[in-house]
Amino acid sequence: TEFKYVYETDKNKIIGYLKIKTPDDKNYYLDIILPPQYFELYQKMLSFAVKKIVKRNKNFKLQDSLLLTLFIYIFIYK
């Protein structure tokens, strides 16, 4: 199952994408795509995703993403 969301500015400019995936309604994977200049919105998008998942299953597991780990390393630690 997949759920897709678009993050827009007040002027209807798309600045990010969020995809929530689950193969079994217990383990969830997130794809959050944001340009570096909007990285401060990452926490807001993550909170939104968790709220959506909790509505479906309160005992979920959020799986780590290698792509997210690389993104954080490249833009935060360098």
Side-chain angles (χ1 to χ4, degrees):
T1 307
E2 286 188 0
F3 305 96
K4 297 178 183 179
Y5 302 92
V6 175
Y7 195 91
E8 297 178 325
T9 65
D10 294 336
K11 298 177 182 177
N12 295 328
K13 177 183 174 189
I14 296 174
I15 58 171
Y17 298 92
L18 168 66
K19 182 167 41 172
I20 303 170
K21 298 183 286 187
T22 179
D24 56 11
D25 207 27
K26 181 179 180 182
N27 297 291
Y28 286 82
Y29 300 87
L30 296 180
D31 291 329
I32 297 176
I33 300 170
L34 278 172
Q37 65 267 30
Y38 293 105
F39 190 73
E40 70 276 0
L41 298 175
Y42 175 80
Q43 183 62 41
K44 192 174 186 177
M45 291 178 79
L46 182 60
S47 295
F48 173 83
V50 169
K51 287 177 187 175
K52 292 293 182 181
I53 294 169
V54 166
K55 286 181 181 179
R56 297 179 54 85
N57 183 352
K58 292 184 179 175
N59 297 318
F60 69 93
K61 291 182 184 176
L62 194 55
Q63 303 298 327
D64 201 7
S65 164
L66 177 60
L67 186 59
L68 173 62
T69 304
L70 279 172
F71 178 84
I72 290 172
Y73 177 75
I74 290 168
F75 291 104
I76 302 299
Y77 294 110
K78 281 203 168 189

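Nothing fancy with the numbering, it's 1 onward along the sequence.
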Participant: Kindly determine whether Tyr5 and Lys52 satisfy side-chain contact (heavy atoms from CB on, under 4.5 Å), including the steps that lead there.
Facilitator: CA-CA 11 Å; Tyr5 302 92; Lys52 292 293 182 181; 3.7 Å; yes
Participant: Any non-hydrogen side-chain atom of Leu34 less than 4.5 Å from a side-chain atom of Leu41?
Facilitator: yes
Participant: Taking side chain as C-beta onward, heavy atoms only, is Ile20 less than 4.5 Å from Tyr28?
Facilitator: yes
Participant: Under 4.5 Å between side-chain heavy atoms, counting indirect links through other Ile/Leu/Val/Met/Phe/Trp/Tyr residues: same cluster for Ile14 and Tyr38 or not?
Facilitator: no
Participant: Going through the checks in order, is the side-chain contact (heavy atoms from CB on, under 4.5 Å) test met by Arg56 and Phe3?
Facilitator: CA-CA 12 Å; Arg56 297 179 54 85; Phe3 305 96; 3.3 Å; yes
Participant: Roughly how far, to the nearest 0.5 Å, is the NZ atom of Lys13 from the CD atom of Glu8?
Facilitator: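 If we round to the nearest 0.5 Å, Glu8:CD and Lys13:NZ are 12.0 Å apart.
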Participant: When the ring centroid of Tyr17 is compared with that of Tyr7, is the distance short of 6.0 Å?
Facilitator: no
Participant: Compare every heavy atom of Lys58 with every heavy atom of Val54, then report the nearest pair and how far apart it is.
Facilitator: O-CG, 3.8 Å
Participant: Can you name the nearest heavy-atom pair linking Asn27 to Thr22, along with the distance?
Facilitator: O-OG1, 2.8 Å
Participant: Answer yes if Tyr42 and Ile33 sit in the same cluster of Ile, Leu, Val, Met, Phe, Trp and Tyr residues linked by side chain heavy atoms under 4.5 Å apart, and no otherwise.
Facilitator: no
Participant: What pair of heavy atoms forms the shortest contact from Glu40 to Gln37, and how long is it?
Facilitator: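 Where Glu40 meets Gln37 most closely, the heavy atoms are OE1-O, 3.2 Å.
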Participant: Kindly indicate, with the supporting measurements, whether the criterion side-chain contact (heavy atoms from CB on, under 4.5 Å) is fulfilled by Lys19 and Leu30.
Facilitator: CA-CA 6 Å; Lys19 182 167 41 172; Leu30 296 180; over 6 Å; no
Participant: For a 4.5 angstrom cut-off between non-hydrogen side-chain atoms, does Leu18 reach Lys4?
Facilitator: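 Sidechains of Lys4 and Leu18: no contact.
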Participant: If you round to the nearest 0.5 Å, how far is CD1 of Ile53 from CG of Asn59?
Facilitator: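 So the CG of Asn59 and the CD1 of Ile53 are separated by 13.0 Å.
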Participant: Does some side-chain heavy atom of Glu2 sit less than 4.5 Å from a side-chain heavy atom of Tyr29?
Facilitator: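 No, every pair of side-chain atoms sits at 4.5 Å or beyond.
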